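A quick write-up on the structure given underneath.
Note that ligands are numbered from 1 as they come in the structure, with each ligand's atoms numbered from 1 the same way. Keep in mind that what you see is a predicted model, and the values were worked out from it rather than measured.
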Amino acid sequence: MEKNRVTLEKRGTFALVCVDNPPVNAISRDVRAGLITVLRQIAVDPDIAAIILYCAGRTFIAGADIAEFASMQPLAADIHELFDLIENCGRPVVAALHGTALGGGLELALVCNFRVALRSARIGLPEVRLGLLPGGGGTQRLPRLAGAKTALKIILTGVQVPADKALALGIIDEVVDGDLLEAAIAYTERVLSAGCTLRRASALSVNPDSVSADLFKQARQALAQRPNGNPAPARIITCVEAAVTQPFEQGMATEQRLFAECLRSPASAALRHRFFAEREVTKIPGLVVNLPLRPIQRVGVVGAGTMGGGIAMNFVNAGIPVVIVEASQAALDRGLSIVRKNYEATAAKGRITGEQIKQYMGRLSGSLDYADLADCDLVIEAVFEDMELKKRVCAQLSKICKPGAIIASNTSTLDVDVLAEAYGRSANVLGMHFFSPANVMRLLEVVRGAKTAPDVLATVVKLARTIGKVPVVSGMCHGFIGNRMAESYLRESERLLLEGATPQQVDAAVQSLGMPMGPFRMLDMAGVDVVAKVALEQGKNGLLPLDPCYQAVVLKLMELGRYGQKSGRGFYRYEGRTPMADPIVGKICTELASRHGIAYRDDISAQEIIERCFYPLINEAAKILEEGIAYRPGDIDVVWINGYGFPDYLGGPLFWADTLGLANIAARIDHYAVQLGNAYGYWHRAALLMRLADQGRGFSDLTADELNHAHG
Ligand code: CAA
Ligand code: NAI
């Protein structure tokens, strides 16, 4: 049933039209219908001299309702009917903007004759991030107001432009402070008395000074240098070019045609999936909504190494004071100086000021005394990956930390429940698995222990958003969600080397899928020694498969001191930071292969590499879902997009798997089980994968009930 989302109030001769569609006033079907009804009413009311369009709640219209795109045929015709009604209503229409006027919201504002914005407002056309282009005339009106070059930049990047800047660019007409509606009314009165009423963006032509001879050629060249699977950027260039070269109506037709192409593309469906999945991750099944959260006003970090310093920066940047506790003065000094250097490097790029460095460093203190953690609301330990050491640290914290303090471990492999026991008050303990560099990477795996209290989990998930992370909750298992899946990916890529593939060949195949770097460049960057030590540690705990070739190459390279980029040699040799093929690696692999009786092949195709690296990873993800380690397939996609650079235009490994068809993946897994033998169970299909494949369903077809069943 249609909901009334639009109200009309007559104040004197002004029609005040208000959109109220929480949470972000998306211009959904109901809103469009409401606006059309109200505008038709106004059209037959001769007393109305002007219209002011504004929104209730936290923001002006933040765009089309993205959920509607799943069924939209191409862009609903009623949006154009609405825009025509506004443009031809014969009275000045003023849009009053606050919050974020984005996408279809900004396009609607551009159809209005004037735009007044609160100083805190921001505008933008972020459709490109959804694999779309602005389909409501944005590619035609924005260049006419702001020039082709500026419009191209805004639409290609999807940035949010602050009101002051939008004013300077000619996109809005006035920036105001205080009461927006009153200011918009006053502005409209001035417009009427000045007699300049019906200015239309569509009637302007693009300022020729804003179109250099090679603007579009350069934009296309820049795109060709950074190819990706997003269909929108190339089409955006064509549309903005059309705004310059074609009359308005023809440019609109071009925009419509290319918008429809984008909307139909699998990449747009994948990017829209990412949009919603990244927002769903904070919804924790079974948790009481609006659970009171614990206040986090001061944070402690134990260990100022690679991770500790970066972790501290996140909180400092968000205005939360941090104390870092170290074991030695030298380590503390080193850690703090790296943090300072990081800020200085950011300042050198003009992204922060010297004053901000002072503020940030002022919020950060160092100490050698655990007692300084006594008043912290959250303490994150980031000491060496050593269970005994971490247990000692937790036991020490239990004597010092205040009763309600949350204790988090940044461990990448160890059992959070054992640490919780060492701390004592287990309900207050969980994992916060940051990714390196911790101040840059958006992903944060929040590891719930068996006894973690619901409000502790909810507090940390909320806090993660505050510090700009995308939190994904994981249950306890070795490697959590991300590294557990990465294990099968790395295992299989190594095995390909033993069969005769080269690191370059494997990396190139994986990169052709859109991964920013292949497994061997990644291992060289992370440190071959780091990965080898994890395998050795697992071996000591009896957690490795009985496979004698398991990580044989990594272990051999470590033995030879080939630690990767940091030692100048690993799977590659490095000239500066450039990886070069190193024939020694081929020899090492040939020797290992003959020792383990693995036959050489010269017929390994890029397709086989992709299947063998990614299908076991997808299979592992199915196990992660059936064990209830992850709440939803989308959570797994979010982990791999934000933590491992999986191409977002494929939507993450599980969204991609659905597009390939799970029955096809299951058949290929069976094929490799036969081709390679399945002595160690690497190619056993997950029960969930088998079930879905048999039923002709995908991961995205899993119902909430099926998923809830898995995590109890
Ligand atoms: N459609 C549907 N739902 C939307 C939405 C949209 N355009 N924008 C936000 N939402 C939903 C989110 O899914 C979220 O829902 P839940 O609370 O159920 O998870 C809720 O609104 C709040 O969103 P955020 O958590 O993102 O809130 P925020 O305050 O951090 O950010 C925002 C607000 C800046 C508006 C951000 O939501 C955003 O960037 N939205 C997308 C804007 C966009 O891409 N607009 C273009 C749409 S395409 C278009 O308009 C095509 C066209 O040409 C006509
Ligand atoms: P690191 O070796 O760079 O730093 C560890 C720091 O802990 C050192 O500065 C050391 O002096 C300090 N320390 C040791 N014992 C201490 C004690 N008793 N009290 C106070 N400080 C002490 O290690 P890194 O890489 O920062 O790793 C830390 C943790 O983060 C580990 O658990 C690791 O598994 C995890 N992690 C590491 C990632 C990485 O890429 N480096 C990624 C994600 C997690």
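- Atoms of ligand 1 lying under 4.0 Å from at least one heavy atom of Gly135, given by number and element, are 52 (C), 53 (O).
- Of the polar atoms of Thr306, at least one N or O is found under 3.5 Å from an N or O of ligand 2, judged by distance alone.
- Of the options Gly63, Pro23, Ala64, the smallest heavy-atom separation from atom 6 (C) of ligand 1 is shown by Ala64.
- For ligand 1, one of its N or O atoms has an N or O atom of Ile66 under 3.5 Å away.
- Ligand 1 lies nowhere less than 4.0 angstrom from a heavy atom belonging to Leu132.
- Heavy-atom contacts of Gly305 reach the following atoms of ligand 2: 3 (O), 4 (O), 6 (C), 9 (O), 26 (O) (cutoff under 4.0 Å).
- Residue Glu68 places every heavy atom at 4.0 Å or more from ligand 1.
- In Val325, the part holding a heavy atom less than 4.0 Å from any atom of ligand 2 is the backbone.
- When each of Met432, Glu445, His433 is tested with Asn410 by the rule side chain to side chain contact (heavy atoms under 4.5 Å, CB included), just one qualifies, namely His433.
- Residue contacts with ligand 2 leave out Phe435, since none of its heavy atoms falls under 4.0 Å from the ligand.
- The Lys390 neighbourhood of ligand 2 comprises atoms 31 (C), 32 (O), with distances under 4.0 Å to a heavy atom of that residue.
- Taking distance alone, with nitrogen or oxygen atoms compared against 3.5 Å, Thr100 stays at or beyond that limit from ligand 1.
- The shell of residues lying under 4.0 angstrom from ligand 1, judged by heavy atoms, includes Arg58.
- In terms of polar-atom proximity, defined here as any N/O pair under 3.5 Å, Gly308 makes no such contact with ligand 2.
- When non-hydrogen atoms are compared, ligand 1 lies under 4.0 Å from the side chain of Leu130 (C-beta onward) but not from its backbone.
- Heavy atoms of Arg392 found under 4.0 angstrom from ligand 2: none, in either backbone or side chain.
- For Lys566 (side chain) and Ala526 (main-chain N/O), no donor-acceptor pair under 3.5 Å exists by modelled atom type.
- Near Phe276, the atoms of ligand 1 lying under 4.0 angstrom from a non-hydrogen atom of the residue are 13 (O).
- Heavy-atom minimum distance, Leu271 versus Asn230: CD1-ND2, 3.9 Å.
- Close approach to Ala327 involves these atoms of ligand 2, each under 4.0 Å from a residue heavy atom: 16 (C), 17 (C), 20 (C), 21 (N), 22 (C).
- For a threshold of 3.5 Å applied to N or O pairs, the pair formed by Lys283 and ligand 1 contains at least one separation below that value.
- A heavy-atom distance below 4.5 Å is not found between the side chains of Ser202 and Gln140.
- Residue-ligand proximity, Ser436 to ligand 2, at heavy-atom distances under 4.0 Å covers atoms 40 (O).
- Judged by the shortest distance from any of its heavy atoms, His433 lies inside the 4.0 Å radius around the atoms of ligand 2.
- Residue-level proximity to ligand 2 for Ser412 is carried by backbone and side chain together, each with a heavy atom below 4.0 angstrom.
- Of the candidates Ala382, Gly303, Gly309, it is Ala382 that places a heavy atom closest to atom 5 (C) of ligand 2.
- The protein atom (non-hydrogen) at minimum distance from atom 15 (N) of ligand 2 is Leu389 CD2, 3.7 Å.
- Under a 4.0 Å criterion applied to the non-hydrogen atoms of Glu107, ligand 1 contributes the atoms 52 (C), 53 (O), 54 (C).
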